[in-house]
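This structure is a prediction, so every number in the text was calculated from the model and none was measured. Numbers restart at 1 for each chain; the letters A, B, ... are given by sequence-line order, proteins then strands.
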Amino acid sequence: MKSELENQIAEACQQLFGDAARNIEIDLDRPEEQFGDYATNVALKLAKNLGKVPREIAEPLAVKLRETLSRQISEINIAGPGFINIKLKDQVLWEMIKAKPAKSLNGKKIVAEYSDPNPFKVLHGGHLYTSLVGDALANLMELAGGVVNRVNFGGDVGLHVGKTIWSIVNDLGGEHPEKLTQIHDDKKLDWVGEHYVKGNTAYEQNENAKTEIIYINQRIYELHKTNDQASQLAKIYWTCRQWSYDGFEQLYKQLEMKPFDKYYPESEVADLGLETVRQHIGSVYEKSEGAVIYRGEKHGLFTQVFISSEELPTYAAKDVGLIFKKQRDYSPDQSFIITDHAQKDHLTVVLQSIKEFAPELAEATTHLSHGQIKMTGGGKMSSRSGNILKATDILQAARSASVSLPGRESPETVLAAVRYAFLKNRIGSDIIYDPKESVSLEGNSGPYLQYAHARACSIIKKASVVKNMAGKMGTDRIMEPGERTLALKITEYVEVIDKAVIELLPHLICTYLYELAQDFNHFYESNRVLNDPRQAIRLQLVSDYASTLSNGLKLLGIAAPQQM
RNA sequence: GCACCCGUAGCUCAGCUGGAUAGAGCGUUGGCUUGCGGAGCCAAAGGUCGUAGGUUCAAAUCCUAUCGGGUGUACCA
């Protein structure tokens, strides 16, 4: 409906003002309720081209629109400096409520890579954020008709693994995999994570340790090459690796994320990356000080090492391998990599280098970056120093906060609190995580939305129990002001979703759903539904509202229970 | 040093393809008569939109400079 109106307005402008209005874009937006349902500022925009006062343009335009849009529109006014405010007929609102979001990505093959935790390291708050944002973005693209493959990338080889394994071997008093059985199930992940921190400290402070770690790192690459499952070191490696992957799976399950279609361990893309980079030494990459590098300076970036002087691929070469591997596996129309903002420059360099020999692939790959999770009171998170906020800590904080409210500790509510807290901010800036506040169940929160849904469902349920309560709506279905406000807000849903898809901004949905729930709560206070003469219309609205809210929440990965 | 991101109420954030009195939540203060779930609703107080210029009929929004914070910047990911 919105774009239909926009087109009609554009046409009217051209008819009235000719070429001056040819390239003008019509933006209908949702003004404050006092002004109307939609508003446009075309008259203000055209004023300059036409050398007229905005109102001189708005007036004939309004007259024209009253004719051409007589079916849809009940009122058109000019207000303020020259805004044209439009009020729709109630029947049109009822039609709009039934509209579905656009299939703007219909049939497009899309790969979404996100979460990307590293085995042998802790899965921290940043990974949790990436996971939830990625899940929501993938849902959005799927809703718009995209064929989305969700993939997950992680470093199961590389120096960080060397550090962890080195420390583990030290702790076990040598390469004694049999001693791993002493580690309790609940402790495994933390134990491995702690060894990364210890290994890293040793690497930085102790030359001997550093040498040993570099050697272990090489042995681990070797172990992949020879498919060694049997040596003592291999047993330690594969066991701990599996612990990590099991831990990831368990967490994703808890988060109720849609399952990943594929995991790409670095070990599976390292060779492809190495090979690809080597093929373009001389033309794209170059040798320098024993390493293979790409000079990003020519594009205002920086030099990045792709292959180290130990002949091992760095994460840059692995990313090259990954990008090509995803291409081979899925040949997507569009490939998204969703990570922390800290990866931005690195990926820009990687993509810039690929652009030189595979421009289409580089063009089809988009990096979406988000901010970081920080604790209140500052303090930087670093998995190297061990000063980190683990994903499980956040979930645990959410759980304990909600347990303090009797009878409200359901997993659905806790998850809603966390997911919503992470998604409601615009992607891009950092999130300040306050365990207490972010998990609070009041105000602009996931549980507030769930509650606002459950209340509506409760009304619907009561109405369905008593058969004769349905009543009739009457054919005109004219709404009272309180009803109309809610109806109008419901019609905004498809517009918000469409915008969120185009701009890839899930928080727009959060903002909208919160406003929608507020409008419903407001409606609820002053409009009796059951046993009211207007029951039929109101019940219809409540039901449309509930399904709209539920659909929106599900997109965000938040359950919409009928009762809480 | 260079590059990128951020700076809106006490706190956490919307608003940023320029437009009508800058909006929420938390917190504070004061209300909500037996009614569909009070995890709710209403109201009040609280803002030189970091600062200074510029473009414009119109700037939180665009441009420039500047200050403050963050991230990245050759062999970690």
Side-chain angles (χ1 to χ4, degrees), chain A residues 25 27 29 31-32 34-35 39 41 44-45 47-48 53-54 79-83 85 116 118 121 154-155 158-163 200 203 217 266 288-294 296-297 300-310 312 314-316 318-319 340-346 348-349 369 371-372 374 376 378 380 383-384 405 408 413 421 424-426 428-432 434 437-438 440-445 447-448 450-452 454-463 507-508 510-511 514-515 517-518 521-522 524-532 535 538 542 563-564:
Chain A
E25 270 202 29
D27 291 316
D29 46 44
E32 283 177 45
Q34 48 166 321
F35 297 123
N41 63 354
L44 296 163
K45 282 188 172 177
K48 196 166 205 176
V53 180
F83 292 99
N85 293 324
D116 295 359
N118 288 313
K121 278 169 97 168
L159 197 57
H160 70 283
V161 184
K163 289 170 179 173
N200 188 64
Y203 182 87
N217 183 29
E266 285 190 356
S288 170
E289 298 173 32
V292 177
I293 63 164
Y294 176 76
E297 282 78 1
L301 300 162
F302 51 84
T303 292
Q304 175 79 294
V305 173
F306 280 65
I307 301 174
S308 74
S309 36
E310 274 100 38
L312 295 176
T314 67
Y315 71 129
K318 290 170 190 166
D319 269 321
D340 190 298
H341 188 64
Q343 306 281 329
K344 197 177 182 194
D345 291 346
H346 149 69
T348 309
V349 174
S369 66
Q372 304 187 320
K374 296 189 172 172
T376 33
K380 189 189 154 187
S383 60
R384 288 207 204 185
L405 303 167
R408 292 171 187 168
T413 306
K424 72 176 177 179
N425 290 356
R426 184 186 249 272
S429 46
D430 293 346
I431 289 184
I432 310 294
D434 180 333
E437 235 181 77
S438 80
S440 153
L441 307 181
E442 288 173 353
N444 187 0
S445 73
Y448 171 96
Q450 289 186 319
Y451 179 69
R455 277 175 121 187
C457 289
S458 171
I459 295 176
I460 296 165
K461 195 176 169 192
K462 285 201 169 115
H507 83 287
L508 295 175
C510 295
T511 307
Y514 181 58
E515 290 167 1
Q518 278 184 315
N521 281 331
H522 181 75
Y524 183 94
E525 289 297 318
S526 45
N527 296 278
R528 177 79 205 178
V529 177
L530 301 178
N531 299 318
D532 185 278
Q535 171 173 315
R538 291 182 179 173
V542 169
Q563 53 188 18
M564 296 173 72

- Message: Using the side-chain heavy atoms of A:E289, tell me which of these nucleotides is nearest: B:rG35, B:rC75, B:rG37.
- Response: B:rC75
- Kindly say whether, by distance alone, the side chain of A:S309 makes a donor-acceptor pair under 3.5 Å with the base of B:rC75? yes
- Message: Taking only side-chain N and O atoms of A:Q343, does any of them lie within less than 4.0 angstrom of OP1 or OP2 on B:rU71?
- Response: no
- Task: For A:D29, answer base if it contacts any base atom (sugar-phosphate contacts may also be present), sugar-phosphate if it contacts only those atoms, and nothing otherwise; contact means non-hydrogen atoms under 4.0 Å.
- Result: nothing
- Among the nucleotides B:rC5, B:rG27, B:rC75, whichever has the atom closest to the side chain of A:T314 is B:rC75
- Message: Distance check, C1' atoms only: B:rG53 and B:rA14, in whole angstrom units.
- Response: 28 Å
- Ranking B:rG40, B:rA14, B:rG70 by distance to the side chain of A:Y448, first place goes to B:rG40
- Distance test, side-chain N/O of A:H522 to OP1/OP2 of B:rC42, below 4.0 Å: yes
- Query: So does A:N85 reach the base of B:rA20 with its side chain, donor to acceptor, closer than 3.5 Å?
  - Reply: yes
- Query: Would you say A:Y524 reaches B:rG40's phosphate, i.e. side-chain N/O to OP1/OP2 under 4.0 Å?
  - Reply: no
- Name the nucleic acid region contacted by A:H507, choosing base, sugar-phosphate or nothing; use a 4.0 angstrom heavy-atom cut-off, strictly under. sugar-phosphate
- Using the C1' atom in both, what is the distance from B:rG7 to B:rG50, to the nearest Å? 6 Å
- A:H507 to A:N425 - nearest heavy-atom pair and separation: CB-O, 3.4 Å
- Message: Categorize A:D430 for me: base, sugar-phosphate, or nothing, with a 4.0 angstrom heavy-atom threshold over every strand shown.
- Response: sugar-phosphate
- Sugar-phosphate only, base, or nothing, as touched by A:F306 at under 4.0 Å among non-hydrogen atoms: nothing
- If you look at every strand shown and take non-hydrogen atoms under 4.0 Å, does A:S458 touch a base, only sugar-phosphate, or nothing? base
- Stacking check A:Y451 vs B:rG37 (5.5 Å / 30 deg): no
- Message: Would you measure the distance from the C1' atom in B:rU17 across to the matching atom in B:rC13 and give it in whole Å?
- Response: 22 Å
- Task: Have a look at A:A291 and say if it touches a base, only the backbone sugar-phosphate, or nothing, with a 4.0 Å heavy-atom cut-off.
- Result: base
- N or O in side chain of A:N521 less than 4.0 angstrom from B:rC41 OP1/OP2: yes
- Message: By nearest atom, which of the nucleotides B:rA24, B:rC36, B:rG72 is closest to the A:A342 side chain?
- Response: B:rG72
- Item | B:rG47 and B:rC5, which share atom name P, separated by this distance in whole Å | 31 Å
- Check every strand shown and say whether A:A452 touches a base, only sugar-phosphate, or nothing at a heavy-atom separation below 4.0 Å. nothing
- Task: Mind calculating the distance between NE2 (A:H346) and P (B:rC76) to the nearest angstrom?
- Result: 14 Å
- Which one, B:rG27, B:rG15, B:rU21, comes nearest to the side chain of A:E32? B:rU21
- Query: Base, sugar-phosphate alone, or nothing: which one does A:Q450 contact when heavy atoms must sit under 4.0 Å apart?
  - Reply: nothing
- Choose from B:rG35, B:rC4, B:rA20 the nucleotide whose nearest atom is closest to any side-chain atom of A:R528. B:rG35
- Query: When we call it a touch if two heavy atoms are under 4.0 Å apart, what does A:P54 touch: a base, just sugar-phosphate, or nothing?
  - Reply: nothing
- Query: How would you label the contact of A:K318 with the nucleic acid (heavy atoms, under 4.0 Å): base, sugar-phosphate, or nothing?
  - Reply: sugar-phosphate
- Item | Donor/acceptor link under 3.5 angstrom from A:S288 side chain onto base of B:rA74 | yes
- Residue A:E525, side-chain atoms from C-beta onward, closest of B:rA14, B:rG72, B:rC41: B:rC41
- Task: Assign A:L159 to base, sugar-phosphate, or nothing according to its heavy-atom contacts below 4.0 angstrom with the strands shown.
- Result: sugar-phosphate
- Side chain of A:N425: nearest nucleotide among B:rC13, B:rG19, B:rA24? B:rC13
- Closest heavy-atom pair, A:G443 versus A:Y448, reported as atoms and distance to 0.1 Å, is O-CB, 3.0 Å
- Note on the structure: Closest of B:rG72, B:rG25, B:rC6 to the A:S429 side chain is B:rC6
- Looking only at atom P, what distance separates B:rG27 and B:rC62, rounded to whole Å? 33 Å
- Query: What interatomic distance, in whole Å, is found between P of B:rG18 and the corresponding atom of B:rU71?
  - Reply: 32 Å
- Contact class for A:A47 (heavy atom, under 4.0 Å): base, sugar-phosphate, or nothing? nothing
- Nearest to side-chain heavy atoms of A:T413, which nucleotide of B:rG37, B:rA77, B:rA39: B:rA39
- Mind checking A:Q34 for me? I need base, sugar-phosphate or nothing, with any heavy atom below 4.0 Å counting as a touch. base
- Between B:rU51 and B:rA60, how far is it from one C1' atom to the other, in whole Å? 14 Å
- What are the two closest non-hydrogen atoms of A:A342 and A:Q372, and how far apart are they? CB-NE2, 4.0 Å
- Item | OP1 or OP2 of B:rG15 under 4.0 Å from side-chain N/O of A:R426 | yes
- Does the side chain of A:E297 come under 3.5 Å of the side chain of A:T303 through a donor N or O and an acceptor N or O? yes
- For B:rU34 versus B:rG15, give the span between their P atoms, rounded off to a whole number of Å. 40 Å
- Message: Please convert RNA chain B into dot-bracket. A pair counts if it is Watson-Crick or G-U wobble with both distances under 3.5 Å; crossing pairs go in [ ] and bases paired with another strand get |.
- Response: ((((((((.[[[[.)...(...]]]].(((((.......))))).....[[[[[..)....]]]]])))))))....
- Item | Donor on one side chain, acceptor on other, A:H346 and A:Q304, under 3.5 Å | yes
- Touch check for A:E266, heavy atoms < 4.0 angstrom, all strands: base, sugar-phosphate only, or nothing? sugar-phosphate
